[in-house]
Structures are given as C-alpha cells and as structure tokens.
Amino acid sequence: MYGENAYEVSWRRCDGCGSQAELPAAETAGAAVPCPDCTGAMAEEWSWVAAA
C-alpha cells in the first residue's frame, strides 16, 4: 500500500460534501488536499501508524 514495513495514514473528510479518503500522511502533511467530488478542501480528521 503506502510502505513496506510501517506507514502513517491520514484520514481526511471534505467539509463541503462529506467525502472521505485515507491518504499517506507523509505526502499530504501541511498540504491542501482538494476534494475529488466537489470544489472543497479535505481536512485531516486523524492519523495513525499501521504495520504492513
């Protein structure tokens, strides 16, 4: 998926339409992530580290 051993996941939700996405946290940290379903931006709700 996002890494071989352990990776950090960022769960994001769009404030405009409610779409949700699980994204790699290292690649999206501090970045404005556009919603794929509307013109809104996705905000990080939480993140966690998962073992592969």
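Each residue takes its place number in the sequence, starting with 1.
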Just verifying a value: how many Å separate [X] [atom1] and [Y] [atom2], rounded to the nearest 0.5 Å?
X	Y	atom1	atom2	value
T28	E8	OG1	CD	9.0 Å
Q20	C35	CD	SG	11.0 Å
S10	E45	OG	CD	9.5 Å

- Message: Quick check: closest heavy atoms across V9 and A25, and the distance to 0.1 Å?
- Response: C-CB, 4.1 Å
- Note on the structure: Heavy-atom closest pair (M42 atom, S19 atom, distance to 0.1 Å) is CE-O, 3.5 Å
- Task: Indicate yes or no: does R12 engage E44 in a salt bridge with an N to O separation below 4.0 Å.
- Result: no
